Structures are given as structure tokens and as C-alpha cells.
Amino acid sequence: AQSVTQLGSHVSVSEGALVLLRCNYSSSVPPYLFWYVQYPNQGLQLLLKYTTGATLVKGINGFEAEFKKSETSFHLTKPSAHMSDAAEYFCAVSRTGGADGLTFGKGTHLIIQP
Amino acid sequence: DAGVTQSPTHLIKTRGQQVTLRCSPKSGHDTVSWYQQALGQGPQFIFQYYEEEERQRGNFPDRFSGHQFPNYSSELNVNALLLGDSALYLCASSLSGDRTDTQYFGPGTRLTVL
């Protein structure tokens with residue numbers, strides 16, 4: 001079975017500061033990993049994904065994430081936070097080959113302080 | 001490029017009633033997955049449809065059923081509604097040939113059960 005743990009249900013950073021959202025996963029097979037963002041009253045938008053190859057993955061809106069197999073982590077970062085980054089962020093995992101659906105973490109609410 | 005669309009946007013039902021939610025996948029996609037997102041939680045996988053058949057199912061009772069049409073659109077049906085079924089229902093589409101099962105989400109249908 002797969003599972004995803006997102007450390008910190010709420011993270012608050014100042015505008016211009018580094019954003020770090022933590023995600024740890026467990027999977028019995030090599031996983032595919034995803035970060036999604038959800039703005040209020042909207043669906044989920046794909047930020048980035050790790051499948052194979054380069055472990056540092058770049059996404060939209062200046063976000064990036066690094067896959068660390070030894071730490072079973074896939075933390076999301078952005079060098080400089082912007083007010084528009086305030087949203088709910090979800091880490092998700094799927095098994096190789098898919099068809100099982102995505103397993104999501106509980107989400108991290110990112111708050112940007114002016 | 002049309003994204004994933006869902007209808008209706010909002011729905012209010014009473015306990016014991018039945019509801020049908022609809023989803024049209026992203027252009028070119030042939031696989032549809034449904035998720036339930038309770039307030040303050042991450043999405044939970046309900047089931048996935050491919051070639052008009054349920055391919056995989058999460059931990060949801062038989063009250064939840066679905067259908068996929070030849071044009072790949074899909075319906076989610078929930079019978080004998082319970083208060084606990086109140087949630088945001090998300091539809092996601094993907095391409096069967098994509099082994100990463102990257103899913104693209106619609107805006108969701110907000111179901112309120114009174």
C-alpha cells in the first residue's frame with residue numbers, strides 16, 4: 001500500500017522568503033510523485049511530477065522538487081514566495097503503471113505574509 | 001485545448017436521495033478517475049474508468065457507481081445519500097498509454113447533503 005505524509009498542515013512565510021513544503025511517501029514499488037496546487041473553490045492544478053531520470057524536477061510558477069529515494073521524500077521549494085502562491089498544496093503518489101489512482105497527502109495550506 | 005469539465009458546479013440534496021455527477025475528460029484523454037475531497041482533507045480515490053469499464057476501485061461502498069460513455073465522458077452516481085457524502089467531487093482524466101498515470105483535474109462538483 002502507498003501512503004503520503006505532508007508535514008505541517010499550515011506553513012507561513014513572508015513574501016520573498018523561501019518556500020519549503022515537505023512530503024514523505026511510502027511505496028512498495030518505484031513511485032511516480034506529483035505536486036498539485038488548489039486555489040479556493042477550484043480543482044487541482046498539476047505543479048510538477050517526478051517519473052524517472054533527473055531527480056530535481058522543475059514545475060510551473062517557479063516551483064521545483066527533489067526526489068530523494070534514500071529519504072523517501074519529495075519536498076517542494078520555491079526560492080521567493082509571492083502573494084499569489086497562497087493556496088493548498090497536495091503531494092501525491094501513484095504506482096508504476098497507474099490504474100490505482102493517486103494517493104494524496106492531507107495537504108499543506110501555504111500562507112504568505114506581506 | 002479543452003480541459004476537464006464537470007457539471008453541475010454545486011448541488012444540494014437530502015439524505016436518502018440519489019445524485020448523478022458528470023465529467024468530460026481533457027481532449028485526447030480516454031481514462032477518467034473520480035475522487036472525493038472532504039473539507040480539509042486530500043482527495044480520496046473512488047474509481048477509475050477505461051474502455052467503459054471500471055478498472056480499479058478505492059475503498060468506497062457500492063452506493064457509489066459510475067459509467068463511462070463511448071465518447072469517454074463519465075458519470076458518478078451516488079445512491080442513498082448520507083450526510084457524510086457532503087464533499088467536493090473531483091473528476092480527473094488521463095491517457096491510458098501514459099504509464100505515469102498523470103491526471104488532470106476538473107473544477108469539481110460541490111455536493112451538500114442535508
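Atoms considered below: every heavy atom in the structure, side chains included; atoms not considered: hydrogens, waters and symmetry mates. Computed from a prediction, not measured in an experiment: that's the story for all the values here. Just so we're on the same page: letters track the sequence lines, and every chain starts at 1.
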Between B:F105 and A:Y36, what is the ring plane arrangement, given parallel below 30°, perpendicular above 60°, and tilted in between? perpendicular
In terms of heavy-atom pairs under 4.5 Å with chain A, the winner among B:P107, B:G42, B:G108, B:P43 is B:P43
Okay, B:I46 and chain A: the region with an atom under 4.5 Å from a heavy atom over there is neither
**Asked** Is the B:H29-B:Y104 ring centre distance short of 6.0 angstrom?
**Response** yes
Under 4.5 Å to a heavy atom of chain B? For A:K49 that would be side chain
Honestly, the part of A:S9 sitting under 4.5 Å from a heavy atom of chain B is neither
Okay, B:T102 and chain A: the region with an atom under 4.5 Å from a heavy atom over there is both
Whatever's closer than 4.5 Å to a heavy atom in chain B on A:L46 counts as side chain
When clusters are formed by joining ILVMFWY residues with side-chain heavy atoms under 4.5 Å apart, either directly or through shared neighbours, do A:I60 and A:V57 land in the same one? yes
When the 4.5 angstrom heavy-atom criterion is applied to B:Q44 and chain A, the contacting part is neither
So, for A:F63 and A:Y89, is the gap between ring centers shorter than 6.0 Å?
yes
So, the part of B:Y35 with a heavy atom under 4.5 Å from chain A: the answer is side chain
d(A:T51 OG1, A:F34 CZ) to nearest 0.5 Å is 8.0 Å
Applying a strict 4.5 Å limit to non-hydrogen atoms, the region of A:Q38 in contact with chain B is side chain
Q. Hey, do the aromatic rings of B:F47 and B:F45 have their centres closer than 6.0 Å?
A. no
Check your understanding: What do the steps show when you test B:D85 against B:K13 for salt bridge (charged side-chain N to carboxylate O under 4.0 Å, His left out), and what is the final call?
Key -> CA-CA 10 Å; B:D85 295 331; B:K13 293 286 188 179; over 6 Å; no
